[in-house]
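Reviewing the structure listed below.
None of the values given here were measured: they were computed from a predicted structure.
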Amino acid sequence: MNLINYLSSSIVFWMAWIIIPLIMEIIPAVWEALVLLRKGFVKNDNNISDFPEITVIIPVYNSASTLYGCLESIYLSSYPNDKIKIMLVNNQGIDNSFQIYRQCQNEFKDLSLLWLNAKQGKSKALNLALFNSEGKYIIHIDSDGKLHRDALKNVVTRFELNSDIHCMTGSVLTDPELIESTNGFLMRMLRRIEFCEYCQAFFAGRNFQSEMDSIYTLSGAFSAFRKSTILKTQLYNTDTICEDTHVTFQIKKILKKKVFLCENALFFVDPIESFNKLYTQRQRWQRGEIEVAHMFMDRNLFADKGLFSNHALRFLIYDHTFAFPRMIWYFALICLIFMNYSLQLVAGSLVLILFLYILSAFLFYFDVLLLLKQFRELRQYYMKKWYAVALLPIFNFIVFWIRFAGIINSIKSDSSWRTKTLTDEWKGLTKVLYSDFAYISKFIEKMKSRYNNE
Amino acid sequence: MNILVILFSIIWIYILTVLNRSKLDFWKFCWGSVGLFILMMLWVQPIVLDSLTKAVASVSGILGDLTHMYSSYFQYGILFISNNNSSISLYIDYECSGFIEIMAFTSLLWFFNVYSFYEKIVINIFGFIWIFIANVIRIFIICALIYFFGNNIFYFAHTIFGRLVFYSFSIALYFLVFTKAHIIRQKVGSFNYELN
């Protein structure tokens, strides 16, 4: 009887605390996983025989170390080299990227390589190239990544077979080779988890959004457009740090066109350099989301359709609004222990929520495996990283706090704004603390010197 | 206990000034709002809780009288629901009063740098009224469900349905106060490329 009483009171307590994350996150995750499961069994695109001319735009900013690998990946791709025109747009970089460009010109003779100089800023570089671009399709990639052999072919095939698709984002993943050559267990583990996060973000997250026509942003690292469509926009905006999100909004809100994911077009980028980089990168993404929402306020961001059909609004509520009660919820749980709630109950509810998050992460894991069926090596690599998938909820928890920092830090930013790393923040904090305790330390120094003199 | 609380308050204020001078906005927000929340739970709760409970019971009672579904004994913070088959009395306790939610909202608001001092006062009052009304509506819905469906529905009504209704109101408030205001006032442009 005691056990029944205990269980019933526990369930009531757990339900009370679990109901919100269950409804807001876990049930939608299960629904998404089921939708993707269906997509996993759909056949891939047919091949095309006639390849149109395309322009590949690569902004260059001190990219000497990665540029060769990037261009080589295009050269070795399955798309005919004589149909590719590459524009390298240097935006005030000062390293020897130009020498690498010259080297590539000599080595990759089949490729048409152009070098342009633009003002500082990625969006300015992209706009300059867009003005000068030719070809039916324009593909934009970052200089610090490598295209999968079939990426260009798969993107163009998708465009050619679907006249209603005007704009696509490719699937961006971190490079497994670089991940495995990482020194240090913790860093390697962080990068493996990041790899799983990218897999789930593109093959599950954006894939589902693509199905529902609710992609919030194209990937800045790899996106593709019909030239006729991108030139009808106001091009890349130079005021925001998220020009990729801004152009997505232009296509969706101004041109009223859909944005899709080309899940079988892969682009490999470098894994995260350090935790500091993760800290600034995710804050920047969060800030970009808010900036672009601000810039599109006049276009009925808040009033457009209802809550459930306005996906931009849903994103903001999920990322911004929910962050506040979530933060309080975490601390309230700790407070509960001091309010005579049993530690077992509080810890139990946390474990149960963690278990549910892990469960939903594994639902996506199986979806991703299914969707990776045409990339055998990658699939095997991902399959072996099941333990990193199990750690994803913890990684997501850390990222939640970083993104929350992005929300708060973006409020008071002025013209000298730049995201501080954790190391910068720690230095700033210790500097103030040292100055505060200067009198005490001076006193200690005095005492020390007096003692030493004696 | 009081000495500990005073000590905690002094440490809290000192660290707050350190974070402020270090221009660590995010850490200041977290430390400030969580600390203020705990301090209000320690200082304000004993003063306000009883009155708030009675006020919630009293206003909920008006709705109960109007609909003849239940009656309120607000002096004791008790609602009495009776229908043909059964009767149940609900005690408006600490958790049902909405006190925690009001304090949470207040502490987040005062460290949310989008608003000026006077704006925060007005929004705080507005938020207090909003949460109070949301709580009254939640209690009314719980009572109505019990009135129509009997005592067996209590756990569902209280733990799940009532909570979801209240949570929806809270999210609407948080969206208006935090998200919408932030987006409207967000500065754009003039950013630094370095280290980003």
Legend entry - Contact class of B/Thr17 relative to chain A, heavy atoms under 4.5 angstrom: neither
Inset, instruction - Would you please indicate yes or no on a ring centroid separation below 6.0 angstrom for A/Phe322 and B/Tyr174? - result: no
Inset, instruction - Pick one of side chain, backbone, both or neither for A/Leu429, based on which atoms fall under 4.5 Å of a heavy atom in chain B. - result: both
Legend entry - Pairwise side-chain contact, B/Lys187 with A/Ser410, heavy-atom cut-off 4.5 Å (strictly under): no
Inset, instruction - Can you tell which part of A/Tyr330 gets under 4.5 Å to a heavy atom of chain B, answering side chain, backbone, both or neither? - result: neither
Inset, instruction - Evaluate the side chain to side chain contact (heavy atoms under 4.5 Å, CB included) criterion for residues A/Met327 and B/Val34: first the C-alpha distance (whole Å), next the side-chain angles of each, then the deciding distance (0.1 Å), finally the verdict. - result: CA-CA 9 Å; A/Met327 173 199 161; B/Val34 172; 3.6 Å; yes
Inset, instruction - Assess whether side chain to side chain contact (heavy atoms under 4.5 Å, CB included) is satisfied between B/Phe178 and A/Thr321, documenting all intermediate values. - result: CA-CA 7 Å; B/Phe178 297 118; A/Thr321 313; over 6 Å; no
Legend entry - Beyond-backbone contact of A/Glu425 with B/Ser22, side-chain heavy atoms, under 4.5 angstrom: no
Legend entry - Under 4.5 Å from any heavy atom of chain A - which part of B/Phe37: side chain
Inset, instruction - Tell me, out of A/Lys427, A/Lys431, A/Lys420, who's got the most heavy-atom pairs with chain B below 4.5 Å. - result: A/Lys420
Inset, instruction - Specify whether B/Phe26 and A/Trp401 have parallel, tilted or perpendicular ring planes, treating 30° as the upper limit for parallel and 60° as the lower limit for perpendicular. - result: tilted
Legend entry - Full working for side chain to side chain contact (heavy atoms under 4.5 Å, CB included) between B/Ile183 and A/Ile290: CA-CA 6 Å; B/Ile183 289 166; A/Ile290 299 166; 4.2 Å; yes
Inset, instruction - Select one option (side chain, backbone, both, neither) describing which atoms of B/Lys28 are under 4.5 Å from chain A's heavy atoms. - result: neither
Inset, instruction - Might you point out which heavy atoms bring A/Ile408 and B/Asp25 nearest each other, and give the distance in Å? - result: CG2-O, 3.7 Å
Legend entry - Stepwise side chain to side chain contact (heavy atoms under 4.5 Å, CB included) test for A/Met295 and B/Val188: CA-CA 8 Å; A/Met295 294 167 100; B/Val188 175; 3.8 Å; yes
Inset, instruction - Side chain from CB out, backbone as N, CA, C, O: work out which of these in B/Leu108 comes under 4.5 Å of a heavy atom of chain A, or both, or neither. - result: side chain
Legend entry - pair B/Arg21-A/Asp436: side-chain heavy atoms closer than 4.5 Å: yes
Legend entry - Validation row, ring centre B/Phe105 to ring centre A/Phe324 under 6.0 Å: no
